[in-house]
K.L.:
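Below is the structure I would like to discuss, written out as structure tokens.
Lettering of chains follows the sequences in order, A, B, ..., and the numbering in each one begins at 1.
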Amino acid sequence: MQIKDVARKLKISPRAIRFYEDKGLISPSKQETNSYRTFTEEEIWRLQTIISLRESGMSVADIQKALQETDADNKAQLQYYLEIQRSVVYAQWLEFKHIIETTDTMINLLKQNNSVPIDDIFTLAEGSKRLREIRKNWKDTWNFDQQALTHDERVLHNDDEYKGYEEILDLTWQWVKPRVGEKGLDLGTGTGNLAHRFLQNGIHMAGVDQSKEMMKQCQSKHPQMDIKLGNFLAIPYMDNQFDFIVTSFAFHHISNEQQPLALDEMRRVLKSHGRICIADIMFETESAQEQYMNDLLASGRTDLLTTMQEKHYAICPVLLSWFEENGYITKHAKINDLLYIVYAVPIKPL
DNA sequence: TTTCTCACA
DNA sequence: TGTGAGCA
């Protein structure tokens, strides 16, 4: 296939295809006589993946790294590509859903007032801001160096950061206490240690993680689990799917401003009675967090300090008030210096 | 038609 | 991170 046909098929410019070649993402063979590029089916498939990754906000440099990784591991390649594609489509779906909702409200406002107030136009702008947030976050998500880093950290279970790890996972199980037949979701499931508590009691569990290595390990440990590649801000499931969501040591991967967006996303995939349980390191106030960091510095624990500084720990009261403002009743406990568990159940309409 | 390079945002 | 113009 020649470049123009490929470009038409993929709906991009021939110029862009040459650009990707220049950046080393593809290397189509060239005819000896005229040095025209010819593209095989495989190369078109690869290009399609590149385009999807670009749309998700991943930089060209990161795409190159990603493709190198998958090239080395051919068997998992197809599945991984498809996982990425699905994540992208889910994000786009959310995007459309949101645009439709805002348009609807604007139509209703027009019917009532015959004019659209400035405030509502502002709300629309906020909506597109949310989309940018999602994209921006995805860029971080696909940073492979960072993935490797979290991988190592999580394997070291008994570090200071993971003090009380087993205890809080058990507690999460006890608090949520699902009935047989209920469906749960573990966000940032990692190797599935939290999900395991539920699976061994016969509860159907789904999991989401942003790392394919984690997914691979988790799937081999728990073959019955439904694991998808995805992100807190674009959970790759349809609406109203789950009876409960649990998450441990993962909520801190998204920034404090994005955390309410993540909670909105959780509510979207939950059934109306769906409950949420978050186990993670948190602080009582921002100054308490600063104090803790300062103490670490003073006691020479710079290693722990640097890993903790990369995270976005929630302020527990802020989290609790979000739940209360959004119609939940909450229960929480402090396990040790750092570790909190927060459980939220929606108040049922009478 | 396609390739390549240069300039531009 | 791409896009167009002009050339061969």
K.L.:
Evaluate whether atom CD of Q224(A) has more than 12 neighbouring non-hydrogen atoms of other residues, nucleotides or ligands under 6.0 angstrom away.
P.N.:
yes
K.L.:
When you measure from the side chain of K228(A) to the backbone N and O of P236(A), does any donor-acceptor pair fall under 3.5 Å?
P.N.:
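Judged by distance alone, yes, a pair lies under 3.5 Å.
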K.L.:
Answer yes or no: are there more than 12 heavy-atom neighbours, outside E32(A) itself, under 6.0 Å from its atom CD?
P.N.:
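For E32(A), atom CD is not crowded (no more than 12 foreign heavy atoms under 6.0 Å).
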K.L.:
I'd like a list of close polar pairs between nucleotides 5-9 of chain B and the protein, N/O only, cut-off under 3.5 Å.
P.N.:
{"from": "dC6(B)", "atom 1": "N4", "to": "R15(A)", "atom 2": "NH2", "distance (Å)": "3.3"}

K.L.:
Among pairs that include at least one residue of residues 167-186 of chain A, which meet side-chain hydrogen bond (donor to acceptor under 3.5 Å, both in side chains), considering only residues two or more places apart or in two chains?
P.N.:
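For residues 167-186 of chain A, and leaving out neighbouring residues, the side-chain hydrogen bond (donor to acceptor under 3.5 Å, both in side chains) pairs sorted by first residue read D170(A)-R197(A), R179(A)-E182(A), E182(A)-R275(A), D186(A)-T189(A).
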K.L.:
Are R18(A) and dC4(B) close enough that a side-chain N or O sits under 4.0 Å from OP1 or OP2?
P.N.:
no
K.L.:
For the residue pair Y328(A) and P346(A), what are the closest heavy atoms and their distance?
P.N.:
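Result for this residue pair: CD2-N, 3.4 Å.
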K.L.:
Considering only heavy atoms, which members of residues 22-36 of chain A lie under 4.0 Å from some atom of DNA chain C?
P.N.:
none
K.L.:
Which string of ( ) [ ] | and . matches DNA chain B, if you list each base 5' to 3' and count Watson-Crick or G-U pairs only when both distances are under 3.5 Å?
P.N.:
.|.||||||
K.L.:
Against the six-membered ring of F242(A), is K271(A) placed for a cation-pi contact (under 6.0 Å from the centre, within 45° of the normal)?
P.N.:
no
K.L.:
Only pairs at least two apart or in different chains count here, so list each salt bridge (Lys or Arg N to Asp or Glu O under 4.0 Å) that has a residue in residues 279-296 of chain A.
P.N.:
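Qualifying pairs, neighbours excluded: none.
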K.L.:
Taking only residues two or more places apart in sequence or in another chain, which ones pass side-chain hydrogen bond (donor to acceptor under 3.5 Å, both in side chains) with T302(A)?
P.N.:
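With neighbours one apart ignored, the set is empty.
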K.L.:
Using side-chain hydrogen bond (donor to acceptor under 3.5 Å, both in side chains) as the criterion, list what pairs up with H204(A), not counting sequence neighbours.
P.N.:
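For H204(A) there are no side-chain hydrogen bond (donor to acceptor under 3.5 Å, both in side chains) partners, ignoring immediate neighbours.
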K.L.:
First contact, last contact: which nucleotides of DNA chain C are these for chain A, 5' to 3', heavy-atom distance under 4.0 Å?
P.N.:
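Footprint of chain A along DNA chain C, 5' to 3': dT1(C) to dG4(C).
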K.L.:
With sequence neighbours left out, write down each residue that passes side-chain contact (heavy atoms from CB on, under 4.5 Å) with D5(A), or none if nothing qualifies.
P.N.:
M1(A), Q2(A), R8(A)
K.L.:
For dT3(B), take OP1 and OP2 only and decide whether either is under 4.0 Å from a side-chain N or O of R37(A).
P.N.:
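The answer is yes; a side-chain N or O of R37(A) sits under 4.0 Å from OP1 or OP2.
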K.L.:
For Q219(A), give me all partners under side-chain contact (heavy atoms from CB on, under 4.5 Å), at least two apart in sequence or on another chain.
P.N.:
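Checked Q219(A) against side-chain contact (heavy atoms from CB on, under 4.5 Å); matches are I227(A).
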K.L.:
Please name all residues satisfying side-chain contact (heavy atoms from CB on, under 4.5 Å) with Q309(A), sequence neighbours left out, ordered by chain then number.
P.N.:
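Only L305(A), T306(A) meet the side-chain contact (heavy atoms from CB on, under 4.5 Å) criterion with Q309(A).
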K.L.:
With sequence neighbours excluded, what pairs up with S35(A) under the side-chain hydrogen bond (donor to acceptor under 3.5 Å, both in side chains) test?
P.N.:
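So S35(A) forms no side-chain hydrogen bond (donor to acceptor under 3.5 Å, both in side chains) with any residue.
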K.L.:
Could you tell me whether the phosphate oxygens of dT2(B), OP1 or OP2, come under 4.0 Å of any side-chain nitrogen or oxygen in Q2(A)?
P.N.:
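So the side-chain polar atoms of Q2(A) do come within 4.0 Å of the phosphate oxygens OP1 or OP2 of dT2(B), strictly under.
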